[in-house]
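In this text the structure is predicted, and so the values were computed from the model without any measurement. To find a chain, count down the sequence lines: A is the first, B the second, and so on, and within it residues start at 1.
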Number of protein chains: 2
Amino acid sequence: MEGASNQLPKGSGAAINKGRRTANRILDAAEALFARNGYEATSLRDIAAEAGIQQPGLYKHFASKEDLYRQVYERALRPVTDLMDQLLTGSDDGFDQLANRMTDLLAQHPTIARLLVRAVVSSDSQPDLVALDWLNRVVGYGRRLSEKAGEDPAGDLLAVQIVAIFNMLFGFFWASPLLESLTGKPATDERAMALQKTLLQTFIAALPGMAEPAGKVP
Amino acid sequence: MEGASNQLPKGSGAAINKGRRTANRILDAAEALFARNGYEATSLRDIAAEAGIQQPGLYKHFASKEDLYRQVYERALRPVTDLMDQLLTGSDDGFDQLANRMTDLLAQHPTIARLLVRAVVSSDSQPDLVALDWLNRVVGYGRRLSEKAGEDPAGDLLAVQIVAIFNMLFGFFWASPLLESLTGKPATDERAMALQKTLLQTFIAALPGMAEPAGKVP
DNA sequence: GTCTATATCTCGATAGAC
DNA sequence: GTCTATCGAGATATAGAC
């Protein structure tokens, strides 16, 4: 479903890039299943069936299940790094655009939030290193973006704020089944999206007001 | 593997409630492992080893793995329902106390947030009905609490706000490894907790101000 | 490059001795 | 009530025909 498997020229030789197109079909199937069910709960047989081949055939395109998992993340999270790079290099401070544009992006690519949540539930004993790596990259972008915007609270406060923004940004989509059960409409509903954006901006605007060096709660 | 951690009760030979105490040891081990690794990634052999018995012995205390899973949730989430009942029946409006007291409670019982996050990552094809059931109960409490506090925005707005508060309340603990990597201190650190509470109250206080019927983002 | 067949492992659950 | 032994299912990965 997700991703762009058809970026090949249709006119050229038919059977030449067959292997490449099979690999892309596999990536499409794997991305959808990994996002929905996670790494452990997704079997290579399911992926192969969805891609229209048998399970051992996967090993002609990917070295292992983990190799396939890593390549899924690299392809799927590209739009996020592209957006963050754009916001970082832009002339205006990209921080106030983060909420709206990231929300739109996550709505357009529903697998991204689901893939990243695997880092949050990763266990200490058997950590999901792939998801954790990408989580750190995304948070690293967020920190650089807040620095560029001139935000400079004490270290601990900045960390708590970054975590909060991250949770609101991605949690909206993680909790989309919950939102649907409450409203009866999908999370990507236009009105729900607009409300979430307003809420995010309200929240971000209220952040500097809480900056009290001593951190004492009134 | 290695089952040699035999900590026998030092007290007198009270063999009467041995079965009961074994069941509680199993529940303790299962709660810790389910919270850390989730249902699928936790094997009955691991639980039994941590409880000091062999795997088939579990079936003398619990009918199945799912039965054990359900009983773990019922015991672990009791503090949450107790707190919500208390806030609901209290004389003052319990809504403004929700943030502080729930944050303290989740810090005191670290498994609760980790157990509930399984509802968020539950797949459509094989949903975690136990975790989803408890998520709905908790959110139901939250909705009743906001009604009691006199909050009465339009239905969609209320839903988006409830999801946001839920995400900030629980996401702080879900993302505790992330916070630790940013600050070097555990999420239950006194200063981080105080900052999170202030942030939560700032956010909740800002909520009514965003109530715009048309939901147009400036 | 795709297939069938299979090796090896781990899982939940059951049977039966004590 | 705990143990040892084991079953049947499903997992990843490999071998070899075509």
- Message: Rounded to the nearest 0.5 Å, what separates atom CD1 in A:Ile162 from atom CG in A:Asn167?
- Response: 12.0 Å
- Item | Ring-face cation of A:Arg144 near A:Tyr141 (centre distance under 6.0 Å, axis angle within 45°) | yes
- Task: Find the distance between CZ (B:Arg70) and CG (B:Leu129) and round it off to the nearest 0.5 Å.
- Result: 8.0 Å
- Item | Residue mapping more 5' on DNA chain C - nearest nucleotide basis, A:Gln55 or B:Ser64 | A:Gln55
- Message: Can you see if the side chain of B:Lys60 gets near the phosphate of D:dT2 - specifically, an N or O under 4.0 Å from OP1 or OP2?
- Response: no
- Round to a whole Å and report the spacing from NZ of A:Lys65 to C1' of D:dA13. 12 Å
- Query: Atom CG of B:Leu33 and atom P of C:dG12: how far apart are they, to the nearest Å?
  - Reply: 12 Å
- Item | Integer-rounded Å distance: D:dG16 C1' and A:Gln54 CD | 16 Å
- Rounded distance (Å) that lies between atom P of C:dT4 and atom CD1 of A:Ile53: 12 Å
- Item | Length of the line joining A:Leu58:CG and D:dA15:P, which is rounded to integer Å | 17 Å
- Between D:dA11 and A:Arg45, is there an OP1 or OP2 to side-chain N/O distance shorter than 4.0 Å? yes
- Stepwise, does the side chain to side chain donor-acceptor pair (under 3.5 Å) test hold for A:Ser125 with B:Asn37? CA-CA 8 Å; A:Ser125 57; B:Asn37 308 328; 3.3 Å; yes
- Please tell me which of B:Pro56 and A:Ser43 maps to the more 5' nucleotide of DNA chain D, matching each residue to the nucleotide holding its nearest heavy atom. B:Pro56
- For B:Asn37 and C:dC11, what is the distance between atoms CG and P respectively, to the nearest whole Å? 12 Å
- Query: Between B:Glu40 (CD) and D:dA11 (P), how many Å, whole number?
  - Reply: 11 Å
- Under 4.0 Å between a side-chain N/O of A:Thr22 and OP1 or OP2 of C:dG1, yes or no? no
- Note on the structure: note: B:Tyr69, atom OH; C:dG12, atom P; distance rounded to Å ~ 13 Å
